[in-house]
Amino acid sequence: MKILLVTTSATLPFAITTALNSKNDYCAFVVDEVNTAKDFVKKSGLPENIIFPLYELKNLIDEFYFDVLISISDFYTGYNDLANYAQRCGCPQNKFIHLYMLNQPKNFVLERALRYYEEHSAEIEIFATGNSHTCMGLDATKFKYKLLNFGRSSQDLYYSYQIAKRVLTPKTGGGKIRYAIIGINPYCFHSDLSKAYSENHHILDYTIALNDSHNFWLPLEKYKNLFNANFLAYKLPLENFDINNVMLEKTQLRFMNFASRLSARERTETWKEKYYPKTREEFLKIFDAYLEICKKNNVRPIICTFPVSECYKKYFSKKIIAEFNHDIDEALKKYPAVFLDAWNIQSFDDSDFYDVDHLNIKGAAKFSVILNNVIEQLENS
């Protein structure tokens, strides 16, 4: 495959020499600092005319033949800056792969979490899945049983279910699990990570951990072949595993800043026009399968939304919320699950959030106490 690589000159050496397959065929490297990149390609024996500045990307997309455009973001560019730039320049979704900080451990934390569970399954009695709301919204120290939180930014229901299947297998000692916290939100049945544009950098993480790219436009084996096999096989050590920061996404206590408040309504309306009937059809079946595997393993599902700010609740799509409530009601008719709709809990204020829809460390501790009380009530009923 012919590859158009877009990244920073600082990230280019690691990408080419360590992360990506040395047999890849590149038509161009598009970078921020051309001279720095030229020094690298000269030392590597690559032709200097392969280097182009970022401002030429639109012309290259229009004029060059390429099968795949790979953009690699780092701390300097931010999560999605290069992805958004590639989209604005006209790169089609079925040619686009986004990666983030290949020389950082976050690509491997889910694989490590699953490995940790396999080695400590006799201790774990609660597991959680879900997206960033779940990842950031739980405090493992507030539960009466040991909790392992598999929640991850942008995790969709498909990957939540795949994780649940791994956890609830005899091989991993799934019989010790008492409760599954299934973190969801009103748009969860319309959110397919593998069909996202700027968020598709997470596909690498699930390829490493689960060998699964779901509905991604590039078949799994071709996707994996873009990378160095040793890179994909790397494993983070289990030493210093933090049970309360499994995915390395929690930081020090943060509060809603001025920028968060300015973008509050725009963030709220992100899903206003995003309605995907085919995804909903698939993901309702996945949700059913998730609840069914819990039932077969005598695990009590606690389905929950996480608290959000008043602004988020006020301006979120009423159509999607109504549909979501209907879908949850239908599921509860079939399965002995508990639904905690934390959007309607009134005891959270702005000091519990770090933006309009994510709990901070203080809010996570507060909500985890509420969830633990739900577990206590279930055991006393």
Side-chain angles (χ1 to χ4, degrees), residues 109-110 113 117 124 126-140 142-143 145 147-168 177-193 199 202 205-206 243-247 249-250 271 283-284 286-291 293-294 299-309 312-313 316 320-321 324-325 327-328 331-332 335 337-345 348 352-361 363-375:
V109 291
L110 177 57
Y117 175 73
I124 310 297
I126 311 172
F127 77 97
T129 60
N131 62 15
S132 54
H133 299 102
T134 305
C135 180
M136 306 300 290
L138 296 178
D139 183 336
K142 302 300 181 183
F143 290 84
Y145 302 118
L147 161 74
L148 188 53
N149 185 359
F150 291 98
R152 187 84 196 274
S153 290
S154 301
Q155 186 179 108
D156 63 20
L157 262 175
Y158 174 81
Y159 284 120
S160 290
Y161 173 53
Q162 299 309 312
I163 290 167
K165 286 200 296 184
R166 283 281 294 272
V167 170
L168 297 177
I177 297 292
R178 295 170 180 254
Y179 298 97
I181 296 175
I182 306 176
I184 56 176
N185 44 50
Y187 58 78
C188 68
F189 299 118
H190 293 277
S191 176
D192 184 340
L193 173 63
E199 293 296 315
H202 292 291
D205 310 350
Y206 292 103
I243 199 72
N244 200 30
N245 191 14
V246 173
M247 299 300 168
E249 295 192 24
K250 290 188 178 181
W271 280 91
F283 276 52
L284 283 174
I286 290 168
F287 189 48
D288 188 87
Y290 195 157
L291 296 177
I293 197 174
C294 287
V299 171
R300 191 72 180 267
I302 302 174
I303 306 163
C304 67
T305 61
F306 283 74
V308 294
S309 68
Y312 201 83
K313 283 185 282 189
F316 196 88
I320 291 180
I321 291 175
F324 170 77
N325 289 333
D327 293 336
I328 295 299
L332 294 177
Y335 295 101
V338 175
F339 177 49
L340 175 61
D341 186 5
W343 276 37
N344 293 319
I345 296 177
F348 290 83
D352 295 310
F353 299 91
Y354 72 82
D355 63 16
V356 292
D357 61 316
H358 289 90
L359 293 171
N360 58 24
I361 293 173
K366 189 172 172 179
F367 183 58
S368 296
V369 170
I370 293 172
L371 267 175
N372 187 66
N373 288 340
V374 171
I375 292 173

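This structure is a prediction, so every number in the text was calculated from the model and none was measured.
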Enquirer: Measure the acute angle between the ring planes of Y145 and Y179, then classify it against the limits of 30° and 60° as parallel, tilted or perpendicular.
Expert: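 Rings of Y145 and Y179: parallel, as their planes differ by under 30°.
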Enquirer: Pair D357, N185 - check side-chain contact (heavy atoms from CB on, under 4.5 Å), show working.
Expert: CA-CA 11 Å; D357 61 316; N185 44 50; over 6 Å; no
Enquirer: If you take all heavy atoms of C188 and F324, which pair is closest and at what distance?
Expert: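 C188 and F324 have their closest heavy atoms at SG-CE1, 4.1 Å.
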Enquirer: CG/D327 to CZ/F287 distance, rounded to the nearest 0.5 angstrom?
Expert: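 Interatomic distance, D327 CG to F287 CZ, rounded to 0.5 Å: 8.5 Å.
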Enquirer: Are Y206 and Y159, when compared by the centres of their aromatic rings, separated by less than 6.0 Å?
Expert: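 Y206 vs Y159: aromatic centres under 6.0 Å.
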Enquirer: Should V356 and V308 count as side-chain neighbours, where that means a heavy-atom distance under 4.5 Å?
Expert: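 No - every pair of side-chain heavy atoms lies 4.5 Å or more apart.
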Enquirer: Quick one: closest heavy-atom pair of G137 and F367, and the distance?
Expert: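 For G137 and F367, the tightest heavy-atom pair comes out as O-CD2, 3.8 Å.
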Enquirer: So does A140 get a backbone contact from the side chain of N244, meaning a donor-acceptor N/O pair under 3.5 Å?
Expert: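 Yes; at least one donor-acceptor contact below 3.5 Å.
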Enquirer: Show the nearest heavy-atom pair for residues A331 and L291, with the distance to one decimal.
Expert: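 Smallest heavy-atom distance, with atoms named: CB-CD1, 3.8 Å.
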Enquirer: Residues in side chain to side chain donor-acceptor pair (under 3.5 Å) with K142, at least two apart?
Expert: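 By the side chain to side chain donor-acceptor pair (under 3.5 Å) rule, K142 matches no residue at all.
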Enquirer: How long is the gap from CZ on F283 to CG on D192, to the nearest 0.5 Å?
Expert: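 Answer for the CZ-CG pair, F283 versus D192, is 4.0 Å.
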Enquirer: Report yes or no: do T129 and Y290 form a side-chain donor-acceptor pair below 3.5 Å?
Expert: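 Yes, side-chain donor-acceptor contact under 3.5 Å.
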Enquirer: Heavy-atom distance under 4.5 Å between the side chains of K165 and I293, does that happen here?
Expert: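 The answer is yes; the side chains approach within 4.5 Å.
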Enquirer: Taking side chain to side chain contact (heavy atoms under 4.5 Å, CB included) as the definition, give me every residue that meets it alongside A128, ordered by chain and number, with sequence neighbours left out.
Expert: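 For A128, the residues satisfying side chain to side chain contact (heavy atoms under 4.5 Å, CB included) (neighbours in sequence not counted) are T134, L138, L147, N149, I181.
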Enquirer: Evaluate side-chain contact (heavy atoms from CB on, under 4.5 Å) for F353 paired with N360, printing each intermediate quantity in order.
Expert: CA-CA 5 Å; F353 299 91; N360 58 24; 5.5 Å; no
Enquirer: Does the K250 side chain pair with the main chain of I361, one donor and one acceptor, at a distance under 3.5 Å?
Expert: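 No, K250 side chain to I361 backbone: no donor-acceptor pair under 3.5 Å.
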Enquirer: Find out whether Y335 and D288 are in side-chain contact, i.e. whether some heavy atom of one side chain is under 4.5 Å from a heavy atom of the other.
Expert: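 Heavy-atom side-chain distance check passes, below 4.5 Å.
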Enquirer: For the residue pair T305 / D341, report whether a side-chain donor-acceptor contact shorter than 3.5 Å exists.
Expert: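 The answer is yes; a qualifying pair exists.
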Enquirer: Would you say the side-chain atoms of S191 pair up with the backbone N or O of Y187, donor to acceptor, closer than 3.5 Å?
Expert: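 Side chain of S191 to backbone of Y187, a donor-acceptor pair under 3.5 Å: no, none is there.
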Enquirer: Under 3.5 Å, is there a donor on one side chain and an acceptor on the other for S153 and E249?
Expert: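 There is such a pair (donor and acceptor under 3.5 Å, judged by atom type) between the side chains of S153 and E249.
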Enquirer: Is the shortest heavy-atom distance from the side chain of R166 to the side chain of Y117 under 4.5 Å?
Expert: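 SC-SC contact between R166 and Y117 ruled out.
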Enquirer: H133 side chain to I184 main-chain N or O, any donor-acceptor pair under 3.5 Å?
Expert: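 No: the side chain of H133 does not pair with the backbone of I184.
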Enquirer: Shortest non-hydrogen contact from Q155 to S160?
Expert: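 What the structure gives for the nearest pair is OE1-OG, 2.8 Å.
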Enquirer: Within the 4.5 Å heavy-atom criterion, are V246 and F150 side-chain neighbours or not?
Expert: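 SC-SC contact between V246 and F150 ruled out.
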Enquirer: So, do L340 and I370 sit near enough that their side-chain heavy atoms are less than 4.5 Å apart?
Expert: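 Contact flag for L340/I370 side chains = yes.
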Enquirer: Testing the 3.5 Å rule here: is there a donor-acceptor pair between the side chains of S132 and H358?
Expert: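 There is such a pair between these side chains.
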Enquirer: Could you please spell out the steps behind the side-chain contact (heavy atoms from CB on, under 4.5 Å) verdict for L193 and E199?
Expert: CA-CA 7 Å; L193 173 63; E199 293 296 315; 4.0 Å; yes
Enquirer: About how many Å separate CG of L371 and NZ of K366, when rounded to the nearest 0.5 Å?
Expert: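 It comes to 14.0 Å.
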Enquirer: Would you check if I302 and F339 make a side-chain contact, meaning some heavy-atom pair closer than 4.5 Å?
Expert: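 No. Closest side-chain heavy atoms not under 4.5 Å.
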Enquirer: If you round to the nearest 0.5 Å, how far is NZ of K313 from CG of N344?
Expert: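 Result: 6.5 Å between the selected atoms.
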Enquirer: Would you please indicate yes or no on a ring centroid separation below 6.0 angstrom for W343 and F316?
Expert: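 Here the rings of W343 and F316 have centres that are less than 6.0 Å from each other.
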Enquirer: Nearest 0.5 Å, please: how far is CG in N131 from CG in D156?
Expert: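 D156 CG to N131 CG: 9.0 Å, rounded to 0.5 Å.
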Enquirer: Taking it one step at a time, do I124 and I177 satisfy side-chain contact (heavy atoms from CB on, under 4.5 Å)?
Expert: CA-CA 6 Å; I124 310 297; I177 297 292; 4.0 Å; yes
Enquirer: Under 4.5 Å between any side-chain heavy atoms of M247 and V109, yes or no?
Expert: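 Yes; the side chains approach each other to less than 4.5 Å.
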Enquirer: Sort and list the pairs that fulfil salt bridge (charged side-chain N to carboxylate O under 4.0 Å, His left out) and have at least one residue in residues 179-189, not counting sequence neighbours.
Expert: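 Counting only pairs at least two positions apart or across chains, no salt bridge (charged side-chain N to carboxylate O under 4.0 Å, His left out) contact touches residues 179-189.
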Enquirer: Between atom CG of L157 and atom CG of L284, what is the distance when rounded to the nearest 0.5 Å?
Expert: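 CG of L284 is found 9.0 Å from CG of L157.
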